[in-house]
Amino acid sequence: MIRLATIGTSTITEKFADAVAQTPGIRIDVVFSRDADRGRAFADRLGIDRVSTDLDALLATGEVDAVYVGSPNGAHAAQAAAAIAAGVHVFLEKPATPTADEFARLVDDARDRGVVVFEGMRNVYDPGMSRLRELLPRVGAVRLVSFGQSQRSARYDLVLAGETPNIFDPALAGGALFDLGVYPLSAAIELFGAPSRVLGATVAIATGADGAGAAVLDYDGFVAQIAFSKIGASRRPNEIQGELGTIEIDEITAPRRLVLDLFSGIREEIEIDGPDNNMQFEVARFAALVRGEADPAPDQRRSLEVLRTVEAIRAGDGARGPARP
């Protein structure tokens with residue numbers, strides 16, 4: 001049994017806990033929070049007995065095998081580094097770290113310590129993504145990809161009122177690109193690898209964080225358009241256009257309906273069964289990696305390529321894309 005401690009008391013940690021409860025061979029034993037009262041209240045909601053307010057002491061006990069890092073993005077690297085140094089496996093909520101270099105160092109340190117560091121990216125482990133990959137050859141040579149994730153955050157109202165919530169705080173690596181943009185980026189890089197060139201632009205809001213943005217990823221023979229926003233909303237489907245037809249995807253975070261429309265006249269609508277909380281697939285992948293049933297290198301390489309692409313988007317016009325390791 002893999003014994004977990006959680007770091008963070010937000011809604012995403014609750015969703016993670018729900019996914020763990022549905023995954024054999026892994027359980028949450030401890031809730032960590034710097035605020036004892038908040039940690040106790042959160043643990044009670046999850047039905048967890050133990051609460052810790054001292055992360056270093058918790059890691060030193062040897063009573064947890066892994067930690068889930070669901071704290072604000074800016075805290076990920078330091079907390080993950082502490083866990084790795086203690087010989088504890090690390091599940092990082094997306095984005096893994098604010099910079100590619102930070103994640104690369106964590107990967108190297110984890111390899112040296114014989115533990116796993118892993119970024120949870122729920123859509124790439126979803127069965128809908130596997131089905132999408134199977135359909136790709138049927139549309140022939142891919143020429144244009146359009147992926148996006150735009151969902152207005154209720155916390156943007158706080159920004160409009162003059163406040164700086166964590167999700168929109170640049171000091172904590174907040175913003176739309178890290179919160180939502182990484183989903184379409186991860187899907188593109190999972191399916192097609194790293195782009196050779198990236199053109200990007202973002203829209204700054206009052207806090208200094210990015211509220212929306214777009215990018216063009218340049219591949220050999222085709223381009224991918226990426227769009228993201230936390231200050232607006234979109235209901236447009238995602239698309240992969242090939243020379244033989246098009247695949248339409250309903251949600252890039254959890255593909256449940258794919259439409260294959262070929263120029264030959266064939267049209268297929270594919271419905272994919274899946275749970276409401278598809279984080280359970282990334283939890284199952286992490287558990288398999290911790291048990292040594294698979295190599296984490298491909299997962300880590302994709303995460304690193306996404307972070308490099310994020311940096312290229314932030315760099316703006318004409319930035320070079322991530323080079324493959």
Side-chain angles (χ1 to χ4, degrees), residues 8 10-12 69-77 92-103 119-124 145-190 194-195 197-218 223-236 238 251-253 302-322:
S10 66
T11 301
I12 193 64
V69 181
S71 52
N73 301 337
H76 285 191
L92 287 160
E93 184 53 56
K94 58 81 188 165
T97 54
T99 70
D101 284 348
E102 287 172 314
F103 186 65
E119 178 193 39
M121 188 61 65
R122 58 193 179 96
N123 58 341
V124 302
V145 175
S146 298
F147 288 168
Q149 183 68 15
S150 295
Q151 180 178 336
R152 189 184 188 277
S153 171
R155 280 170 285 184
Y156 186 52
D157 291 331
L158 298 176
V159 175
L160 296 176
E163 299 180 33
T164 304
N166 287 352
I167 199 65
F168 288 118
D169 188 346
L172 298 175
L177 179 51
F178 269 151
D179 194 51
L180 295 181
V182 290
Y183 285 121
L185 284 175
S186 293
I189 289 173
E190 172 70 11
R197 191 168 64 111
V198 179
L199 303 174
T202 58
V203 177
I205 59 174
T207 64
D210 59 278
V216 174
L217 313 185
D218 188 5
V223 295
Q225 303 167 329
I226 303 294
F228 51 92
S229 177
K230 284 184 70 65
I231 59 177
S234 174
R235 294 173 180 80
R236 292 186 305 169
N238 302 270
E251 289 287 341
I252 206 63
T253 56
R302 185 201 63 251
S303 295
L304 188 58
E305 290 172 346
V306 170
L307 289 172
R308 287 173 173 162
T309 303
V310 165
E311 291 176 351
I313 292 171
R314 294 198 189 284
D317 294 343
R320 292 298 299 174

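Predicted, not measured: the structure shown is a model, and the values here were computed from it.
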For the pair Leu177 and Leu185, evaluate side chain to side chain contact (heavy atoms under 4.5 Å, CB included) and give the outcome as yes or no after the intermediate values.
CA-CA 9 Å; Leu177 179 51; Leu185 284 175; 4.0 Å; yes
Side chains of Ser150 and Leu180 in contact at under 4.5 Å (non-hydrogen atoms):
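Heavy-atom side-chain distance check fails, nothing below 4.5 Å.
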With a 4.5 Å cut-off on side-chain heavy atoms, are Leu199 and Asp218 touching?
no
Would you give the length of the straight line joining atom [atom1] of [X] to atom [atom2] of [Y], rounded to the nearest 0.5 angstrom?
X      : Y      : atom1 : atom2 : value
Phe103 : Leu307 : CZ    : CG    : 7.0 Å
Arg314 : Thr309 : CZ    : OG1   : 12.5 Å
Asn73  : Ile167 : CG    : CD1   : 6.5 Å
Ser303 : Ile189 : OG    : CD1   : 9.5 Å
Gln151 : Lys230 : CD    : NZ    : 6.5 Å
Asn123 : Ile252 : CG    : CD1   : 6.5 Å

Test log, rule side chain to side chain contact (heavy atoms under 4.5 Å, CB included), inputs Val306 and Tyr183:
CA-CA 10 Å; Val306 170; Tyr183 285 121; over 6 Å; no
Is the backbone of [Y] close enough, under 3.5 Å, to the side chain of [X] for a donor and an acceptor to pair up by distance?
X      : Y      : value
Glu311 : Ala100 : yes
His76  : Thr97  : no
Asn238 : Gly148 : yes

In this structure, which one of Leu158, Asp210, Thr207 forms a side chain to side chain contact (heavy atoms under 4.5 Å, CB included) with Phe168?
Thr207
Quickly, which of Glu305, Met121, Arg122 forms a side chain to side chain contact (heavy atoms under 4.5 Å, CB included) with Ser186? Name it, please.
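Output: one option passes, namely Met121.
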Considering non-hydrogen atoms only, spot the tightest contact between [X] and [Y] and give its length.
X      : Y      : value
Ala96  : Glu119 : N-OE2, 2.9 Å
Gln225 : Ser146 : OE1-OG, 2.7 Å
Ala227 : Pro184 : O-CG, 4.1 Å
Gly211 : Ala176 : O-CB, 3.3 Å
Ser234 : Arg236 : OG-N, 3.2 Å
Gly70  : Ser10  : O-OG, 4.1 Å

Go through the structure and list residues passing side chain to side chain donor-acceptor pair (under 3.5 Å) with Thr164, not counting sequence neighbours.
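For Thr164 there are no side chain to side chain donor-acceptor pair (under 3.5 Å) partners, ignoring immediate neighbours.
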Please list, chain by chain and in numerical order, all residues satisfying side chain to side chain donor-acceptor pair (under 3.5 Å) with Asp101, sequence neighbours excluded.
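For Asp101 there are no side chain to side chain donor-acceptor pair (under 3.5 Å) partners, ignoring immediate neighbours.
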Side chain to side chain contact (heavy atoms under 4.5 Å, CB included) between Asp179 and Lys94, intermediate numbers included:
CA-CA 8 Å; Asp179 194 51; Lys94 58 81 188 165; 3.2 Å; yes
